[in-house]
Amino acid sequence: MNLADGHYNETDHLAPLNPLRDPRDQRLPRIAGPSALILFGVTGDLSRKKVMPAIYDLANRGLLPPGFALVGFARRDWADQDFAEIVHDSVREHCRTPFREDTWRQLASGIRFVAGDLADAAAYESLKRTVAELDETRGTQGNHAFYLSIPPGMFPTVLEHLKSSGLAESGSPNSWRRVVIEKPFGRDLASAQKLNRLVDAVFPPGSVFRIDHYLGKETVQNILAVRFANMMFEPLWNANYVRNVQITMAEDIGIGGRAGYYDGIGAMRDVIQNHLLQLLALTAMEEPISFSADDVRAEKVKVLSAVTRPTSVEKHASRGQYAAGWQGGIPVKGFLEEDGISPHSRTETFAAIRLDVATRRWAGVPFYLRAGKRLGRRVTEVAIVFKNAPHLPFDSSSVQELSNNAFVFRIQPDEGITVRFGSKVPNTSSLQVRDVNMDFQYGDSFVDTSPEAYERLILDVLLGDPPLFPRHEEVELGWKILDPILDRWEEEGSPEQYASGGWGPPSAYEMIERDGNTWRRP
Amino acid sequence: MIRLDDTSGSAVAAAIASERHRQGSPTTGMVLTMLILTDEEHQADATAAAVTAARQHPMRIVTLIPRPGKGEPRLDAEIAVGGDDGPGEVAVLRLRGALSEHANSVAIPLLLSDTPVVAYWPAEAPECPAEDLIGRHAQRRITDCSTALDPLAELARRRHGYRPGDTDLSWTRITPWRSLIASLFDQTIAEVESVSISAESLNASAELLRTWLANGLSTKVEVIETPGLGISAVQMLSTQGDISIRRPDGSTAQLHVPGSAESQVALPRRDLAELLAEELRRLDPDEVYAATLMGTGS
């Protein structure tokens with residue numbers, strides 16, 4: 001099995017035309033065709049720390065076409081060189097591959113800046129002239145991707161102008177227009193649908209690329225590889241053997257400078273709605289008939305449609321706000337004391353929920369999802385916790401140190417897989433059993449080969465390869481699952497306070513213990 | 001580095017294992033064993049390149065240096081494990097006297113269990129690598145025509161002795177050229193009428209590139225002898241105008257495509273370590289190389 005095989009299907013329309021592309025040729029990388037990326041929101045953290053460095057790294061790996069162009073669009077009084085300077089600094093600071101002067105010069109020669117207000121029609125006219133000039137001189141051949149790294153409130157304005165200025169239309173069957181949008185994809189079902197309608201009115205569905213950077217991570221794609229390329233795991237992957245599934249995304253940092261974004265959003269909307277539900281879908285879905293975008297999405301949509309919510313939000317969900325305290329030896333502020341946060345804010349910085357998957361495979365297996373800030377350490381993992389052995393032919397004292405077997409995908413950091421099982425303690429008079437870990441570390445077997453998620457995703461946008469981007473059905477299903485819980489929380493008072501540097505509020509522990517389970521310490 | 005004089009293959013394997021344990025790291029992450037067969041002249045460069053490639057592909061490197069002579073058969077070893085040089089393990093073994101004919105017996109105890117074996121001949125290689133005593137253990141066998149006195153004659157030998165799983169670094173060297181040229185045909189599908197490659201004389205890479213282009217484009221491709229570093233230019237006459245890629249300095253190329261302004265493309269000549277790292281990315285037979293190799297010399 002090879003995820004890339006799925007991509008071959010997607011690009012079949014190119015394959016037979018190019019006499020030099022042989023599907024058996026394993027050495028030739030897929031290089032993006034002539035194109036320009038137009039970046040809206042050039043000063044944001046995401047643009048500077050992820051998007052710009054990823055573009056450079058792609059160029060450095062030889063995966064961008066010689067005539068690639070990067071256009072910045074913002075309300076700044078900048079010339080091309082000023083913008084190039086910003087890109088240069090961010091690349092120098094954050095690039096993954098070594099900084100090479102000749103790669104940079106090649107990239108820099110295609111950098112342009114258009115100054116203007118996002119709401120000013122004239123600015124779009126000048127953007128239009130710039131991209132037309134690039135099509136002429138740089139050979140970008142009318143292929144334009146619009147990367148909207150802007151607050152969701154600006155979407156209607158920008159999309160409207162892209163449409164009215166004609167920028168969104170290619171006007172030729174040989175060139176394309178694509179749009180890239182970042183989360184949040186709405187804040188509930190109604191707003192997500194509204195956003196989807198808005199985008200669909202300007203761009204056809206196949207041209208809309210929603211970035212969930214988790215899907216670009218090698219370790220997340222590896223979930224499918226491990227499940228469907230091996231014999232030894234899938235037979236156990238069901239309610240007969242699995243006791244529960246725990247999906248954790250913990251951050252050790254607070255909200256930092258993102259108060260404006262985070263207040264009113266919270267952990268549930270920020271990460272559970274997208275990243276954690278995607279992880280749940282990949283972990284629980286049935287085998288797709290191929291790894292093409294449509295087939296994988298069909299299985300994800302199926303499993304997300306089968307997700308059921310707890311009947312009682314009080315008993316099976318938990319939320320909290322981090323309180324002032326100490327974390328890793330450093331005194332930290334509480335959420336309500338952070339700059340830019342109202343002391344009465346009811347935004348949760350921790351959320352945990354139990355979901356069920358109503359299918360024959362998963363009936364009765366709780367899926368626990370939790371995400372939070374200022375927790376014990378930074379870690380994302382998916383843990384499959386197995387049932388107890390039906391019978392243990394040992395003295396009860398011999399197996400006291402044995403807990404449930406577990407299979408853990410370590411998504412980040414320290415990427416890899418842990419398998420936890422019991423083993424005999426050497427040199428004891430009786431047969432004593434204790435938990436041991438067996439580890440696969442990505443870094444040991446595949447050193448230096450993992451590109452950043454954004455490199456993969458930006459390249460896929462330029463190639464027009466959709467498998468790693470959630471479609472609007474998946475986004476809307478996510479909101480359908482979570483909206484009632486969010487509504488319920490809206491009606492209740494403030495979230496519970498929890499100590500910084502721990503693993504969340506007491507209610508999170510009560511919630512899982514109610515089912516007779518315990519959280520794994522990640 | 002540990003020196004073991006007058007030793008055996010099993011003793012070397014045991015020494016590596018105990019050094020691993022002393023450092024507290026097991027070998028489970030190793031993905032392959034690389035056997036390098038070489039003379040003294042090439043051993044240092046080849047081993048160093050493999051050590052660098054091991055940063056991407058953690059592996060055990062076993063360099064076997066036959067030292068035939070009249071003396072008693074004897075094995076001398078130098079071992080290095082982990083450390084600043086990267087995650088790999090290196091054993092440089094000198095096989096003296098009659099032992100030089102039996103490198104096989106030294107290599108077997110050093111192969112990691114159940115992982116692929118790659119054999120690499122940095123200079124002189126057997127007529128048929130797959131049937132060689134060492135080569136038969138390997139699923140990937142890497143040779144390098146460019147080090148021969150007559151690389152084109154050497155390429156012909158590779159063609160006669162070819163078995164699936166063989167590759168040659170003169171093929172690896174042209175991957176950047178091939179990927180750049182292939183990308184030009186992703187969009188504009190021009191009808192190509194003729195192609196010329198400028199390269200230094202007796203260049204095996206140019207011959208492989210010539211054959212690959214001739215096969216793919218079904219057209220006549222000629223190689224023009226030009227002084228310079230390896231391949232210095234590829235020019236294509238097409239119905240939509242002339243396409244040219246010129247790389248006079250061996251690092252940056254000027255690309256000219258009809259309808260676009262001339263652009264600069266990074267097309268650097270790569271060092272041995274990068275070539276080996278590319279070779280190790282896939283270990284199944286390279287069918288496109290096979291098809292291309294069979295067409296060379298015609």
Side-chain angles (χ1 to χ4, degrees), chain A residues 11 14-35 59-68 100-110 134-143 174-175 416 438-449 463, chain B residues 25-31 54-58 86-87 171-172 174-176 178-189 192 212-213 215-219 245 251-255 257-268 277-279 281-282 284-291:
Chain A
T11 47
L14 289 177
L17 291 175
N18 188 338
L20 295 177
R21 291 233 184 255
D22 185 329
R24 297 172 305 166
D25 200 329
Q26 307 144 359
R27 293 176 195 255
L28 299 192
R30 300 177 306 150
I31 299 181
S35 48
N60 212 8
R61 290 163 66 204
L63 301 179
L64 292 185
F68 180 78
R100 291 214 309 247
E101 203 55 49
D102 48 351
T103 306
W104 169 250
R105 253 182 286 127
Q106 186 189 336
L107 190 63
S109 60
L134 285 169
D135 286 344
E136 280 299 309
T137 61
R138 195 80 186 150
T140 47
Q141 302 189 6
N143 299 319
N174 298 324
S175 61
M438 202 158 74
D439 249 30
F440 156 65
Q441 305 240 19
Y442 249 79
D444 281 356
S445 302
F446 310 103
V447 190
D448 279 353
T449 50
L463 288 165
Chain B
S25 51
T27 56
T28 48
M30 299 269 150
V31 293
R55 286 177 191 276
Q56 285 187 46
H57 308 276
W171 171 246
T172 322
I174 56 172
T175 303
R178 292 198 303 126
S179 72
L180 176 61
I181 297 169
S183 72
L184 300 179
F185 287 86
D186 279 338
Q187 277 75 32
T188 30
I189 306 303
V192 174
W212 179 72
L213 285 170
N215 287 352
L217 300 173
S218 315
T219 182
I245 307 167
S251 87
T252 308
Q254 276 94 46
L255 169 69
V257 181
S260 304
E262 185 161 284
S263 54
Q264 306 272 316
V265 194
L267 199 64
E278 178 185 318
E279 272 312 311
R281 218 157 279 151
R282 296 286 295 252
D284 45 346
D286 186 335
E287 296 173 47
V288 178
Y289 168 65

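Order of the sequence lines fixes the chain letters, A, B, ..., with proteins taken first and strands second; residue numbering starts at 1 for each chain.
Ion pairing between A/R24 and B/D286 fails under the 4.0 Å rule for side-chain N and carboxylate O.
Across every non-hydrogen atom of A/P19 and B/L217, the tightest pair is CG-CD2, 3.8 Å.
The backbone N or O of B/A182 lies less than 3.5 Å from a partner atom in the side chain of A/N18, making a donor-acceptor pair.
If you run side chain to side chain contact (heavy atoms under 4.5 Å, CB included) between A/D102 and each of B/V265, B/L267, B/T252, only B/T252 comes through.
For A/E136, the side chain to side chain contact (heavy atoms under 4.5 Å, CB included) criterion is met by no residue, not counting sequence neighbours. With sequence neighbours left out, the side chain to side chain contact (heavy atoms under 4.5 Å, CB included) criterion links B/D284 to A/Q26, B/R282.
Residues B/S183 and A/R21 form a side-chain contact, since some pair of their non-hydrogen atoms from C-beta on lies under 4.5 Å apart. You'll find the side chain of B/L213 reaches within 4.5 Å of the side chain of A/L20, heavy atoms only. Contact check for B/W171 versus A/R27: side-chain heavy atoms found under the 4.5 Å cut-off. Side-chain contact between B/R178 and A/L28 is present, with heavy atoms from C-beta onward closer than 4.5 Å.
For the atom pair A/R100 CZ and B/S251 OG, the distance stands at 9.0 Å (nearest 0.5 Å).
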Using side chain to side chain contact (heavy atoms under 4.5 Å, CB included), reason through B/W212 and A/D25 one step at a time and then give a plain yes or no.
CA-CA 11 Å; B/W212 179 72; A/D25 200 329; 4.3 Å; yes

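For B/S218, no part sits under 4.5 Å from any heavy atom of chain A, backbone or side chain.
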